[in-house]
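Residues: numbered from 1 along the sequence shown.
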Amino acid sequence: MVVKSLSAQTGISESVLRLLLSILFAYPISLIYKLTLVRPLKTKWAPFIRNLYVVIAGLSLSYFYNGPYIIHSLITTFVTWLLCYFGSLFRNRTFSAIASLLFNVIYLVTGYYMTATDEYDVSWTMTQCVLCLRMIGFAMDFMDGEKLLKSKPPVNAKENKENSGNTNEKSIDTKKNSQQTELSTNTRPQKQPISFEKNIQLATLPSLIETIGYSHFFGAFLIGPQFSFHLYRKFITMSLYPDPTNVPPGSYWHALKSFLLGALYLGVQQVGAGYFPQYYLVTAEYANKPFIHKIIIMWWTGKFILSKYLGIWTLSEGACILSGISFNGYDDNGNVEWNGLANVEKWKFEFAPSLSQIIGSFNTNTNLWTKLYIFKRLIFLGNKQLSSIISLIFLALWHGLHSGYYFCFGLEFIDMEVEKRWAKRFERYTKPLYLPQNNFKFLKYLHMFVGWLGQTCALHYAIISFGLLKWEYVIIAYNSVYWIGHTLVFGLLFLDIILPRPKVKKVAETNGIVKVDKEINGGAKIDKEINGVTKLDKVNGYIINDTKIER
């Protein structure tokens, strides 16, 4: 009744209001967890107690959002766990992983079919969408754990033992000194999410109650982020921190920043979407505007469609930070990092000069999940492009049945391919711009601006179909701009196919001595002898090594 009343007063639909309130409720839940449980508990049941809190809080929050439809997440969690159990029982974990993948995907797609409307659906399928990937990854990690048992003692055997409830946290305290010694080495040269690190295989099947906690973690079951069970286990056993008796500070401030930034994004998005509503693109008024005006309107419309996701992910990230699960070690200066489960790198995303950088900064944890559990599993195909296509089709199906999803991901694949091809063609001219000896810095910034403008135009154009969803709407919107984005990208692809490719000069070799006197990288000439296999020289991005030029 309270939510319905608020919905009537604010004009926000009840389903969207429940989503926002559920994300906000995760903050006090995380705060209580942080204050009471993120510290050593002098009992062997400490991991169980922490997990039990997550289970109770997560299921309560899920019931608030889903109501009776919470049954769907419970069914899929239990069935996935049961499939893994029988896979272990009959010593065929591969079958259980394949069965889990098929079961979760079919269950989700059936839900989409049963609940589909003409617009984006905020219903139980939203949480089911997140759970689908989580349970598939869980089953695949369990499958990979079988290889560890056959080859050597599992890397996470200690954690499995902790999971069984037989580890007293006093044993963690005894290792305080050694863990503090490792503090300085707990850095990552490249800042990246900790959601899917190495050695995340599950040698033994976690208990059902622990699996329910993982699948319904209060800070991530609604809209993500995705992360491995391995990380969740480190979280509830406190092995995530170098010194469990002295949890690194800063989570409160970083959580507050995440909350404020997420609220700001959503506020700007609401105002911007008011000026540039996506369905305005299918009106006759839009179609009759001057061409350049239509391009500008479409650019801003795509921008605010994307801003919605940046805002909601950033808001959700704050609860994860506050709970402590986002601890990401220390940077090179010894500062604590709490960006372990960040789903978007805001600064990088806003100013990325290429689509390839967008992939690494937007929905990062889902992209990592797809790379690990779909793309790399298709290595037997022997074709990266085919693996990429199948991965994108899977992602489109995971999002839903609307044709706009497939239209968007298909165009983005072509955009990425074209960008890669033409970046390679112009590399000899653009790479020197980023060398320290470049005296024309403005050319570097000009190149970055042109790249930013190109990728935003391509991205915002493609995301329109993602927002409009229905084929009829997508056709109307793109007809209004004469399919300019498709025409340009396919035209560039055709040009790349028919134009001759740049040739790399061969390296001459005489009696084991390599002599290079060739033009490389657009005018840089090298006249240098290289003797011996250990001597390397790098010139404008090319490595001159005994008998060949390498990238």
Side-chain angles (χ1 to χ4, degrees), residues 47 51 76-77 79-104 130-167 182 186 188 192-215 217 220 224-240 325 327-329 340-341 364-380 387 391 394:
N51 180 71
T76 46
T77 300
V79 171
T80 302
W81 184 87
L82 204 60
L83 287 170
C84 291
Y85 174 80
F86 283 114
S88 178
L89 187 65
F90 295 106
R91 298 183 180 180
N92 193 342
R93 297 191 185 187
T94 301
F95 170 79
S96 66
I98 295 174
S100 297
L101 186 150
L102 294 174
F103 168 73
N104 280 281
V130 175
L131 184 62
C132 175
L133 298 193
R134 192 159 296 169
M135 289 294 95
I136 291 173
F138 175 84
M140 287 191 175
D141 288 343
F142 184 61
M143 175 186 69
D144 295 338
E146 190 173 30
K147 300 175 184 177
L148 289 177
L149 293 177
K150 292 179 179 179
S151 59
K152 59 181 180 180
V155 176
N156 55 351
K158 175 180 174 291
E159 294 174 354
N160 289 331
K161 185 177 180 181
E162 289 174 334
N163 172 55
S164 65
N166 295 323
T167 299
E182 295 173 1
N186 193 19
R188 292 174 177 83
Q192 61 182 19
I194 58 172
S195 47
F196 300 102
E197 296 179 311
K198 293 182 178 179
N199 302 320
I200 62 175
Q201 307 93 329
L202 298 174
T204 59
L205 182 64
S207 65
L208 178 59
I209 189 70
E210 205 175 16
T211 306
I212 294 174
Y214 168 62
S215 62
F217 177 68
Q226 295 292 344
F227 56 89
S228 66
F229 182 87
H230 176 70
L231 176 63
Y232 178 72
R233 173 172 286 162
K234 289 169 65 178
F235 172 62
I236 62 173
T237 59
M238 294 287 288
S239 59
L240 178 64
I325 197 173
F327 175 69
N328 199 21
L341 290 181
T364 51
N365 294 290
T366 301
N367 289 336
L368 281 171
W369 187 98
T370 306
K371 179 180 178 180
L372 179 62
Y373 296 108
I374 303 297
F375 180 81
K376 287 189 174 182
R377 308 280 171 163
L378 298 173
I379 191 173
F380 65 91
S387 297
S391 299
F394 175 85

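- A 4.5 Å side-chain heavy-atom check between Leu133 and Phe394 finds at least one atom pair inside the cut-off.
- Taking OG1 from Thr364 and NZ from Lys371, the interatomic distance works out to 12.5 Å, rounded to the nearest 0.5 Å.
- Residues forming a ring-ring contact (aromatic ring centres under 6.0 Å, His included) with Phe375 (at least two apart in sequence, or on another chain): none.
- Arg233 has its side chain within reach of Phe229: a pair of non-hydrogen atoms, C-beta onward, lies under 4.5 Å apart.
- Contact of the Tyr373 side chain with the Asp141 side chain is registered, since non-hydrogen atoms from C-beta on lie closer than 4.5 Å.
- A donor atom on one side chain and an acceptor atom on the other are not found under 3.5 Å apart for Asn51 and Tyr214.
- Remark: Ser387 engages no residue in a side chain to side chain donor-acceptor pair (under 3.5 Å) (not counting sequence neighbours).
- The nearest pair of heavy atoms linking Glu197 to Ile194 is CG-O, 3.5 Å.
- Summarising the geometry, atom CG belonging to Asn104 is positioned 8.5 Å from atom CG belonging to Leu83; distances are rounded to the nearest 0.5 Å.
- Taking every heavy atom of both residues into account, Arg93 and Ser88 meet most closely at NH2-OG, 4.4 Å.
- Partners of Leu89 according to the side-chain contact (heavy atoms from CB on, under 4.5 Å) rule, which considers only residues two or more places apart in sequence or in another chain, are Tyr85, Phe86.
- With a 4.5 Å cut-off on side-chain heavy atoms, Phe227 and Asn365 do not count as touching.
- Put simply, CG on Leu202 and CE on Met143 are 11.5 Å apart, with the number rounded to the nearest 0.5 Å.
- Atoms CE and CD1, from Met140 and Ile374 in turn, are 5.0 Å apart once rounded to the nearest 0.5 Å.
- The SG atom of Cys84 sits 11.0 Å away from the CG atom of Leu208 when rounded to the nearest 0.5 Å.
- Between the side chain of Gln201 and the main chain of Glu146, no donor-acceptor pair closer than 3.5 Å is present.
- Taking OG1 of Thr76 as the reference point, atom CE of Met135 lies at 7.5 Å (rounded to 0.5 Å).
- Remark: side-chain polar atoms of Thr370 are paired, donor with acceptor, to backbone N or O of Thr366 under 3.5 angstrom.
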Query - Steps toward side-chain contact (heavy atoms from CB on, under 4.5 Å) verdict (Ile200, Leu372) - result: CA-CA 11 Å; Ile200 62 175; Leu372 179 62; 3.7 Å; yes

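- Looking at Phe95 and Phe90, their side chains never come closer than 4.5 Å, going by heavy atoms from C-beta outward.
- Scanning both residues, Leu101 and Ile136, for their nearest heavy atoms gives CA-CG1, 3.9 Å.
- The shortest heavy-atom contact between Ser96 and Ala139 is O-CB, 4.5 Å.
- At a threshold of 4.5 Å between non-hydrogen side-chain atoms, the residues Phe196 and His230 do not count as touching.
- Looking at heavy atoms from C-beta onward, Ser100 lies out of side-chain contact with Phe142 at the 4.5 angstrom threshold.
- Taking the side chain as every heavy atom from C-beta outward, Pro206 and Phe138 approach each other to under 4.5 Å.
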